[in-house]
Amino acid sequence: MFHTFARYIHIMIDLCSLLTDTSLGLRVLVGADGATGRAGQDEPDRPVRWVHITELPDPALYVREYELVLTNGLWFDGESSAERFVASVKRSGAAGIVFGLRRETPVMPHELVDVCARERVTLLELGISVPFTAVSRAVAALYAEQRQQELMGVVRRNNDLVQVISRGDGMVAVLGVLRRDHPGLDVTVVDRAGRDLAAVGSPLDAEKLRAVADALGRHPPPLEVALEGRGTASLFLVDTLGSPGGVETALVCLRSMHELSSGELEALEQTARFLSLEAARTRIARTVEMRFAGELLDMISSGTRAEQEIASRLTAFGIDTRSPLAVCALVCSPASQERLAELAEAITGFFITEGTPAVVAESGQDVVTIFPWQRSENALHALVTRLVNAAATETGNSRVVAGLGDISPSVGALRSSLLEARETCRVLRRRSEGPVAARLRDLDMYRLLLGRHSRETLRELAAVVLDPIRAHDRDRDSCLESTVRAFLDHDGHWAVTAEALHVHVNTLRNRLARVASLTGRDVSRTRDRVDLFLALEAADTAERGR
């Protein structure tokens, strides 16, 4: 409703259009810059909303901004009355004054000219033979002509937008139609996650995208938002046709509502409606594609379908199955169904930008992507690292990790690569540091073993060995656990460990003998060292997984 109201109060004509109408015979006596005489004839374009006829000495209460005030000067009674009338007109924000001469006042009062020049209020003179109704009709005709032009523009733009949507050219193409008709508008499509979905003109930086996202999170979202360094921006909400959680997207224009003309407002609203159609079309297509990709992933995982059927599905995604195939599993932390959906969108966008066909399948635990790859494994690792960094940015700077399977030489080897990728991803997910992308063979064996267990199980495994040590440290204020850690970190070198701990070697031996008596694990035996090492790693892994 606000936009509709704003549209009609913004429909204006310009003063020059009236001045060029020879039937009116309007003459500029004072320009907006206060220039008089011949200098005042060079009056620049001035917006005029409508005309207002008045003989009140102080008409400010009744004159709207940008109205052209028509008067015969019945209120005129010397310089003081002229000052009062001009001040009132100026205070109302009117476009100017048209003084209609009459038989009783055949000459413009010089006092009025002087005051208008001093106050820089536009003053026009209308001849005795021209009635005010002629000015009103001229304004109405110009108003109707402008509205007709705007409506014709709406129809033409509507046809062009229909073609863009029907071809599936995307949001950038939709904005391109708007930009063609209104090249001065800088607009960006922003979603509730603060992502720039499409833009023409001056882009928004990350801080301003976040400000728009915060505004979209309010209920209801505002129609304007202040952007630091860019002034006030207008939001035109994009209805995503019943999406859960309220408004998700807006068309952002880097001007306030009151700075936009009626034609610009109409075009922005029209564009927002077509963006709604494009968003709905994209969502439906993406839902179908994700379901298709999920079915393909299930087929590969189960190993029960014929290779030909899997190859046919891959071909539908534009993938040449004669090429070697790469498989990558990704997950973000903290993980949720909504975050995984965002991750899948980010991955899809990455491969579109790369110009590489890919299957992107979202499951309840990760997002798997399959794509052709004919280069080296090192080049693949570099690509996936870039993918992880891009996805982390798109999902709000969350931690994203990726597990890589071996490059599959054929469709038949995809299942093995998929299992490797998912297992590696699961291990990386439990770590809060280290590489963000790895292959199964890059991981230490003990990390693979520990990575197969939940945090609760890891704590239980660690407790079997470490609880007696920790109880001793707690009760006697000793440091047996840190001593074991130091001994293992220094590869069992007694002298080096003692020096690192700043103790005598005999003190170190006594501490580790106490550890053996409490746990039954003697550091002089390899298998007992392994038990102590795994217990400490299990405890650390469980702690980092929080």
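Nothing fancy with the numbering, it's 1 onward along the sequence.
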Candidates Leu223, Leu251, Val212 - the one meeting side-chain contact (heavy atoms from CB on, under 4.5 Å) with Leu235: Val212

Run Val388 and Val401 through side-chain contact (heavy atoms from CB on, under 4.5 Å) and show every step you take. CA-CA 6 Å; Val388 166; Val401 295; over 6 Å; no

Take Ile97 and Thr122 through the side-chain contact (heavy atoms from CB on, under 4.5 Å) test and state the conclusion after the steps. CA-CA 6 Å; Ile97 300 171; Thr122 299; over 6 Å; no

Atom pair CG (Leu265) and CZ (Phe236), whose distance is rounded to the nearest 0.5 Å: 5.0 Å

Lys/Arg N to Asp/Glu carboxylate O, Arg210 vs Asp205, below 4.0 Å: no

What heavy-atom pair brings Thr369 and Phe351 nearest, and what distance separates the two atoms? OG1-CE1, 3.6 Å

If you count every heavy atom of other residues, nucleotides or ligands that lies below 6.0 Å from Arg386 atom CZ, does the total exceed 12? yes

Testing the basics here: between Ala538 and Ala462, what is the closest heavy-atom pair and its distance to 0.1 Å? CB-CB, 4.3 Å

In Å, rounded to the nearest 0.5 Å, how long is the span from CG of Leu237 to CG of Leu275? 12.0 Å

Is it the case that atom OH in Tyr66 sees more than 12 heavy atoms from other parts of the structure closer than 6.0 Å? no

Minimum heavy-atom distance between Ala94 and Glu67, given as atom pair plus value: CB-O, 3.2 Å

Do Asp58 and Ser88 pair up side chain to side chain, a donor and an acceptor below 3.5 Å, judged on atom types alone? yes

With a 3.5 Å cut-off and no angle check, do the side chains of Ser256 and Glu259 form a donor-acceptor pair? yes

Measuring from Ser301:OG to Leu419:CG, what's the distance to the nearest 0.5 Å? 6.5 Å

Are any of the side-chain nitrogens in Asp196 or Lys208 under 4.0 Å away from the carboxylate oxygens of its partner? no

CG on Leu277 to CG on Leu161, rounded to 0.5 Å: 9.5 Å

Walk me through it: do Thr249 and Val189 pass the test side-chain contact (heavy atoms from CB on, under 4.5 Å)? CA-CA 7 Å; Thr249 311; Val189 183; 3.4 Å; yes

How long is the straight-line distance from CD of Glu65 back to CZ of Arg91, given to the nearest 0.5 Å? 14.0 Å

For the student: nearest non-hydrogen atoms of Ser408 and Leu414, plus distance: OG-N, 3.4 Å

Straight-line distance of Ile352 CD1 to Thr356 OG1, nearest 0.5 Å: 11.0 Å

Closest contact, heavy atoms only, Leu260 versus Leu268: CD1-CD1, 3.7 Å

Is a salt bridge present between Asp366 and Arg422, judged by a nitrogen-to-oxygen distance below 4.0 Å? yes

Without swapping roles, check the side chain of Glu224 against the backbone of Met257 for a donor-acceptor pair under 3.5 Å. yes

Could you report the tightest heavy-atom contact between Leu428 and Ala438, atom names first, then the distance? CD1-N, 3.9 Å

Given Leu56 and Phe85, is the side-chain contact (heavy atoms from CB on, under 4.5 Å) satisfied, shown in steps? CA-CA 8 Å; Leu56 293 174; Phe85 185 83; over 6 Å; no

Is a donor from one side chain sitting under 3.5 angstrom from an acceptor on the other, for Ser261 and Arg255? no

Under 6.0 Å from the CD atom of Glu456, do we count more than 12 heavy atoms belonging to anything else shown? yes

I'd like to know if the side chain of Lys90 reaches the main chain of Val121, judged simply by a donor and an acceptor atom lying under 3.5 Å from each other, with no hydrogens or angles considered. no

